[in-house]
> 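After the structure tokens below, expect a handful of questions from me.
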Amino acid sequence: MSGWGQIGAILRKDLIRELRTRDMLVSMALFALLAMVIFHWAFTVRGDTDLTYFTGGMLWVTFVFAMLLGLNRSFAQEKDEHCLDGLLLCPVDRVTIFLAKTVGNLVFLLIIQAVAVPVFVLFFVEGGFLEGLPAFLAVLLLADLGICALGTLLATISMNTRSRDLLLPILFLPLIVPLLVAATSATTLVLADGAGVREIGGRLLFMLGFDAVFLVVAWGTYDFAIGE
Amino acid sequence: MAAAHYRRDGATPLEIEIEVEGLRKTFGRREVLKGLTFSVPRGGFLSIFGPNGAGKTTTLRVLATLLTAREGSVKVAGHDVREDPMPVRRAVGFISHNAMLYPDLTAQENLRFYADMYGVADREARITELLERLELSARRHDAVRAYSKGMRQRLAIARAILHRPRVLLLDEPHSGLDPRAVDILDGLLTDIREEHTFVMVTHDIAKGLEWGSQLMIVEGGRIVYERAAGVDRDSFSAVYREHVRDGSVL
Amino acid sequence: MKKLVSAPALFLWAGAFLIVGLLLAFWWAPVDASAMGFSQKIFYYHAPIAETSLVGFGVAFAAAVMYLRTQDLKWDRLGYVSVRLGLLFAVLVMFTGMIWGKSSWGVWWAWEPRLTTFLLVCFLYAAYFVLRSVVEEEQRRATYAAVFAVIAFIDVPITWFATRLIPEGLHPVVFKAGDTGMEGSMFASFMISMIGMTLLLAALIRHGWQIELLKDRVTDLKSILGG
């Protein structure tokens, strides 16, 4: 069986599981919505506070933390029932497992965003969202890819340790800061200043580079991360 | 092949299916396997006995490519486990006391997943055949979460032999099973005995003697005793106590 | 086991360079012409410490690659010692940077790109120790620590670059050391301090590594005697 077929098999298995139990998606979505409401109260220090310049920050902090919830779950079942052994017994490249898990997490994050972004726009963005949509989507996809690739690699490591989900944020957050800085400032430029793809081109390029670097790093180290 | 085994009657040379030479495995600076050498001919059944922590399961996991040893050579089905793990993985089925099944998926979904991972060509026919054989057809659309321990173990066997492996590795397969499940497992082993080469790690001396064509005792990461089958339980127990410091587990 | 022969010599060289660098910085190099004035003297320590910290992480990166290739635990010990020293120096960078910031800009903390990068580096490598502490099995701990050391080191320049992406105006003070250019005497003093600090790191790493290897040896001997 080809690597693509195996990616499909792992992905299908994870999606069936998640759509049946929905424990991960429901928690992530509720968390994302709750975070926005809390941000609103936390930042509205006066009745007339303009939150437009906080939009990028609010959005990406929400998604990064929501994804942490999901990442912790994405390997929990493999570990709990010793399914990881079953997976590793299969004639499958370890990198294939990484790619399948990354794509799976990306799908879950996109589902959450499909719910959360419209609500976010409704709450915090005053008009003109549609013009910025291409630039916004470009930021979204590039940031999501980086979050999921790096997150999957680190979740693989943290699930094999004693403290599991306690460890992941500590490993993940300092590493993701560069991507967060780029995504946040790019999103704010789009939503608050009406910037287009051209104006945030440098940031998009930076995010693309970040994604590429960590995909390559994961490629090189995943055998060790998932191994023995 | 130079290292061919001969049957007792000396007539038919048997091909070597598993060949282990000078296998050493360290965890950190703790040496768990201290130079193991043994081989199993095709169709053979090796029973490995030994106390906890002797290195039995580690040996099995090296054969299954779940662990890599840096010293010694290990060949399964003609392929080196370190250099060429993919064909080894295709040739090996692994049954342990952990079922390795996804509890939220049904029996059929679990088997489909593993069939796709192994690239089983006649997926549906093979799954139907195995579920029939393991008497699980009626429950094939139930989530594994709802299965009893015995049923899970049967499904685990289906998972392990799904891709028609040449070699079956059994890690304490009888542990934690009720008597009924033990009967089913033994019936199954009888059915598939001719189709595979077996290595079984066990605490259960009766089962190990019943099935094994080769017997081996491992202690402290070394083979301390080995012989062909054909020994009664009492004399083997005596041998075991003689070689293993804490022989009381038997 | 390596002999300890030249380790003390390394410390002596480091000390000599550092003292000479310090003397030159105060007696030979002129007082900085810009607004920073005399407080700029801390630069002769601050910058070499920063460079040394990064060298420490670089050594850890190389050790991590070596460990992943060979699975030899001695490289894990080298990585561990290097990260420990790198982190120590990174914390010193923060402190000297804050002192400098207070005396030349009047604030203890400014979100200046380099200082911010080092703050994140501190978090990053603190996580390295958390990771080590939650993996019991030695080989696995070494493997994960190595993978993380590789990722972290690659993240450092990316972080530094990212701090430059924050739009101008969001952070009030922009500090550029290169503006005035360096005079020959300043540069020479700086280089001597830098060499001294790098030698100090080398001596400390070597010393720490040997201690770790000796600890391993003791553990081995204990288990032989006990077993």
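Worth saying up front: this structure is predicted, and the values here are computed from it rather than measured. A, B, ... follow the sequence lines: proteins, then strands. Residue 1 opens every chain.
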> Nearest 0.5 Å, please: how far is CD1 in A/Ile157 from CZ in C/Arg140?
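Between C/Arg140 CZ and A/Ile157 CD1, I get 11.0 Å after rounding to 0.5 Å.
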> Which bit of A/Leu167 comes within less than 4.5 Å of chain C, counting heavy atoms only: side chain, backbone, both or neither?
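For A/Leu167, the contact with chain C is made by the side chain alone.
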> Any chance CZ of C/Phe95 has more than 12 other-residue heavy atoms, nucleotides or ligands included, within less than 6.0 Å?
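For C/Phe95, atom CZ is not crowded (no more than 12 foreign heavy atoms under 6.0 Å).
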> With heavy-atom distances below 4.5 Å as the criterion, would you say the side chains of C/Ile151 and A/Leu150 are in contact?
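Yes, their side chains come closer than 4.5 Å.
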> Which of the residues C/Thr143, C/Ile158, C/Val156, C/Val147 is involved in the greatest number of heavy-atom pairs with chain A at under 4.5 angstrom?
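The candidate making the most pairs under 4.5 Å is C/Ile158.
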> Measure the CZ-CZ distance between C/Phe161 and A/Phe210 for me, rounded to the nearest 0.5 Å.
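Reported to 0.5 Å precision, the distance equals 13.5 Å.
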> Taking the side chain as every heavy atom from C-beta outward, state whether A/Thr161 and C/Tyr144 have any atom pair closer than 4.5 Å.
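The answer is yes, as the side chains (C-beta and beyond) meet within the 4.5 Å cut-off.
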> Given the options C/Ile154, C/Val121, C/Leu131, C/Leu124, which has more heavy-atom pairs under 4.5 Å with chain A than any of the others?
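Ranked by contacts with chain A, first place is C/Leu124.
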> Count the heavy atoms of every other residue, nucleotide or ligand shown that sit under 6.0 Å from CZ of A/Phe123, and state whether that count exceeds 12.
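Not buried by this count: 12 neighbours or fewer within 6.0 Å.
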> Does atom CZ of C/Arg77 have more than 12 heavy-atom neighbours, drawn from other residues, nucleotides or ligands, at distances under 6.0 Å?
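Correct, the count exceeds 12.
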> Name the member of A/Thr221, A/Leu175, A/Leu171 that forms the most heavy-atom pairs with chain C at distances under 4.5 Å.
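That would be A/Leu175.
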> Determine whether A/Leu153 and C/Phe148 make a side-chain contact, defined as any pair of heavy atoms from C-beta on separated by less than 4.5 Å.
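Heavy-atom side-chain distance check fails, nothing below 4.5 Å.
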> Return the minimal non-hydrogen interatomic distance between A/Val181 and C/Ala162, and the atom names on each side.
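Looking at all heavy atoms of both residues, the shortest contact is CG1-O, 3.4 Å.
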> If you count heavy-atom pairs under 4.5 Å between each of C/Asp155, C/Val135, C/Val150, C/Val130 and chain A, which one has the most?
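Most heavy-atom pairs within the cutoff with chain A belong to C/Asp155.
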> Looking only at heavy atoms, which two atoms of C/Val134 and A/Ser163 are closest? And how far apart?
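Where C/Val134 meets A/Ser163 most closely, the heavy atoms are CG1-OG, 3.3 Å.
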> Within a 6.0 Å radius of atom CZ on A/Phe43, are there more than 12 heavy atoms belonging to other residues, nucleotides or ligands?
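Enclosed.
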> Counting only non-hydrogen atoms closer than 4.5 Å, does A/Leu166 touch chain C with its backbone (N, CA, C, O), its side chain (CB onward), both, or neither?
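Neither the backbone nor the side chain of A/Leu166 comes within 4.5 Å of chain C.
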